[in-house]
Amino acid sequence: NAAAAIWLTRINSVLRNTPTARIRSVAAGLAEVCGRADRLPGEPALASPVTGLPCLWFCVDTFEVDGNGRRRFTGTQRSDSTFTLVDDGHWLVVDPDGAEVHIKREQTFQSPGRVQKERVILENDSLTVVGLCRPLSGDGKLADDARRIKIMQRPDGLAAPFLISDDNPEQTQQQMG
């Protein structure tokens, strides 16, 4: 539809003009950051529900398969635990809730009458994240301590890009529009 096309064009224009920031110098607002995925200190690793693989994030799409081999989507199980993105010793919190996630690591598992596709983010995966960057403190200013910064979906529900990808920044911008 025309409204969606205009929105994507506008978002893509914003992203082209948003340089990839280093975590130590990221500013409040829309940001694109790159780094290595890691657990929050003191947090246990998740276990992916199909393979049991220790991970930071997972998504499992489940399909029923009828007698003719046709698949019908029946649901998604997706983790919402936060994790960190680390860059040159600095880190920020990534809240994946509501993100469009493009991860190449996907495994498909088939059993009689069912297919499951599992995607996971593992520790040390290289990621590009585009989203709203905001302080975790309530003062409205970014704290000197990067651990108090969070990148996330817009809390007010207004349309803004929020993407987590294992592609490089140029490929990530292509995915956004």
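Numbering starts at 1 and runs along the sequence shown.
Note that CG of Leu56 is 10.5 Å distant from CG of Leu85, once rounded to the nearest 0.5 Å. A distance of 12.5 Å separates CD1 of Ile121 from OG of Ser48, quoted to the nearest 0.5 Å. To the nearest 0.5 Å, atoms OG1 (Thr82) and CG (Leu40) are separated by 4.0 Å. The line from CG of Asp97 to OG of Ser79 is 10.0 Å long, rounded to the nearest 0.5 Å. Note that CZ of Arg39 is 9.5 Å distant from CG of Leu46, once rounded to the nearest 0.5 Å. Note: Ser81 OG to Glu43 CD = 7.5 Å, rounded to the nearest 0.5 Å.
Counting only residues at least two apart or in different chains, salt bridge (charged side-chain N to carboxylate O under 4.0 Å, His left out) contacts with residues 113-122 are absent. The stretch residues 27-75 participates, sequence neighbours left out, in these ring-ring contact (aromatic ring centres under 6.0 Å, His included) pairs: Phe63-Phe73.
Annotation: side chain to side chain donor-acceptor pair (under 3.5 Å) contacts of Asp125 (sequence neighbours excluded): Arg105.
The only member of Val50, Thr51, Leu53 that meets side-chain contact (heavy atoms from CB on, under 4.5 Å) when paired with Val120 is Leu53. Checking Asp61, Thr62, Val115 one by one against Thr74, the side-chain contact (heavy atoms from CB on, under 4.5 Å) holds for a single residue, Thr62.
Ion pair Asp80/Arg78 not flagged as a salt bridge, since none of the NZ, NE, NH1 or NH2 atoms sits closer than 4.0 Å to an Asp/Glu carboxylate oxygen.
Taking each heavy atom of Pro54 and Ala45 in turn, the nearest pair found is CB-CB, 4.3 Å.
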